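As the structure is a prediction and not an experimental result, all values here were calculated from the model. All values below come from the heavy atoms of this structure, side chains included, with hydrogens, waters and symmetry mates left out.
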Amino acid sequence: LTQIDRECGPGTGPMMLPSDADGPTTWRQRQDLTLVRNPHHWRRLAEPGCWNIGGVRLLFRSGPSIFTAVLSGEIDWVMPASVDAVLGQHPELAEHYRKLAYDYETLGVVGILWNCRVPALQDVRVRRALAMLLDREAIVAGFPDTAVPAVAFAKPGTPAYPPGPSDADGIEPLPFDPPAARALLRDAGFDAAAGKPLALHVLATPDGGIMDLAVDLLRDACKQAGVELTVDTLTFAAYVAKKTSGDWDGILMKRSFRPWGDPFDFVHSGGLDNDGDWQNAEADRLATAARRELDEARRCALWHELHALVYREQPFAFLVHPRACILFNKFVENAEPGPRGLWPERWWVAPEHQRR
């Protein structure tokens, strides 16, 4: 390794992970990681003085200890389940923090991925019935700053997003309707009253917010529809191991989007993220044609057809598009979100507010 490699770690970005012959010197596993300003980064030469942040310390904490650190002023950026609730309980935080709510390109969609290898879930009637057990409006009401209803693997407000129900070819969102879901399940051969209930095993990770509420609402709705639901709420490591094993019917997850908006990997039978193994020849055709189409308008038209097909088939039960909503140190200047979120290389802090 060169001397710069040992000092900065790999890469030439705005931050570096100092290292010596024994490895990183500012990383304590499961405690914290400190990245310091890279003096070799091109922006420091192109725009001298544009960024006077000395470094960023990432704390790996959970539970009450996070808010102890917030109250003591140790943390500059935190994403609680509800910023408004925190500010309501601790109004004194407004002296040092502000609320930032924003979106960015890769912040995708929360929903339930169904395992289409399971015989019961190969029936579109079953998947559509399960979609009617998801109360999206209740989730949005619970998290108005951080969730909007979802119907597609695309960013709302972009040309790629499918038209709504007011358009002739728009998507009509499925209603939250447990009785109708129960009737549809009965039509598919699952009837709790007749001793033939649908049994579902769903994986989830706790997040203290949208996903936890979604699990609670789904449990209640499944009881109304006669579905026997088991939810394994797991640590992230256990969640990944269980997901890999394939021993599940559904996974409550957040799908991150590609910056260029292509849903191919989620819906094509050969897609890298088609973990539920949904197979549909028309979806394959549309996804492939859109990927090859150079004209943006025609490509978006193909995506609209694809999104409408996916929504009809429901291999993924769309819940909401999440939004970032954080408590942020109000003394950090030039920290305004853009299309890609917050970019710290343009931040600066006045001398009177700098930490030593």
Side-chain angles (χ1 to χ4, degrees), residues 102-117 121-128 130-132 134 136-137 140 146-175 251 253-324 337-341 343:
Y102 59 96
D103 193 8
Y104 53 89
E105 292 170 332
T106 59
L107 193 52
V109 63
V110 173
I112 302 177
L113 174 70
W114 299 119
N115 188 347
C116 293
R117 305 174 192 89
L121 293 167
Q122 292 172 3
D123 191 328
V124 66
R125 294 171 297 180
V126 172
R127 299 195 302 266
R128 287 177 67 83
L130 294 174
M132 290 191 284
L134 300 171
R136 297 159 189 80
E137 292 184 2
V140 173
T146 56
V148 296
V151 297
F153 288 120
K155 294 298 292 184
T158 66
Y161 208 75
S166 59
D167 295 281
D169 298 322
I171 289 178
E172 181 70 42
L174 293 172
I251 300 180
M253 59 167 28
K254 181 176 76 175
R255 280 291 196 205
S256 296
F257 289 158
R258 311 303 190 239
W260 51 92
D262 188 354
F264 181 99
D265 284 332
F266 306 132
V267 299
H268 192 280
S269 58
L272 296 176
D273 292 312
N274 184 7
D275 300 308
D277 199 30
W278 179 56
Q279 307 281 330
N280 186 287
E282 179 63 5
D284 287 357
R285 184 190 72 80
L286 290 167
T288 301
R291 175 164 280 194
R292 294 172 176 169
E293 179 56 65
L294 299 180
D295 181 82
E296 181 181 7
R298 290 197 292 267
R299 183 169 61 250
C300 286
L302 288 166
W303 279 343
H304 292 170
E305 287 187 62
L306 177 60
H307 292 314
L309 171 62
V310 171
Y311 199 79
R312 287 195 303 272
E313 292 283 325
Q314 289 290 318
F316 184 91
F318 296 93
L319 280 171
V320 295
H321 295 289
R323 297 289 185 269
R340 296 186 179 180
W343 287 82

Donor-acceptor list for residues 308-317 side chains, cut-off 3.5 Å, not counting sequence neighbours:
unit_1	atom_1	unit_2	atom_2	d
Y311	OH	L174	N	3.2
E313	OE1	R127	NH2	3.1
Q314	NE2	Y311	O	2.9

For the side chain of N274 and the backbone of H268, is there at least one donor-acceptor N/O pair under 3.5 Å apart? yes

Taking only residues two or more places apart in sequence, or in another chain, which ones meet Y161 in a ring-ring contact (aromatic ring centres under 6.0 Å, His included)? H321

Set of ring-ring contact (aromatic ring centres under 6.0 Å, His included) partners for H304, sequence neighbours left out: none

Sequence neighbours excluded, which residues qualify as side-chain hydrogen bond (donor to acceptor under 3.5 Å, both in side chains) partners of [X]?
X	answer
N280	none
S269	D284
E172	none
D123	R125

If you round to the nearest 0.5 Å, how far is [atom2] of [Y] from [atom1] of [X]?
X	Y	atom1	atom2	answer
Q122	R117	CD	CZ	10.5 Å
F266	L272	CZ	CG	10.0 Å
L113	D273	CG	CG	9.5 Å
I171	F318	CD1	CZ	8.0 Å

Sequence neighbours excluded, the answer for side-chain contact (heavy atoms from CB on, under 4.5 Å) partners of A301 is none

Restricting to salt bridge (Lys or Arg N to Asp or Glu O under 4.0 Å), what partner residues turn up for [X], sequence neighbours left out?
X	value
D275	K243, R255
E282	R285
E293	R298

Return the minimal non-hydrogen interatomic distance between [X] and [Y], and the atom names on each side.
X	Y	result
V140	A147	CG1-O, 3.7 Å
W303	A290	NE1-CB, 3.2 Å
Y102	G341	CE1-CA, 3.9 Å

Is the shortest heavy-atom distance from the side chain of H307 to the side chain of P263 under 4.5 Å? yes

So do L130 and I112 actually touch side chain to side chain, heavy atoms under 4.5 Å? no

Under the criterion side-chain contact (heavy atoms from CB on, under 4.5 Å), I'd like the reasoning laid out for L286 against V267: C-alpha separation, chi angles, the key distance, then a yes or no. CA-CA 10 Å; L286 290 167; V267 299; over 6 Å; no

Could you list the donor-acceptor pairs under 3.5 angstrom formed by side chains in residues 103-111, with sequence neighbours left out?
unit_1	atom_1	unit_2	atom_2	d
D103	OD1	K155	NZ	2.7
D103	OD2	K155	NZ	3.0
E105	OE1	R340	NE	3.2

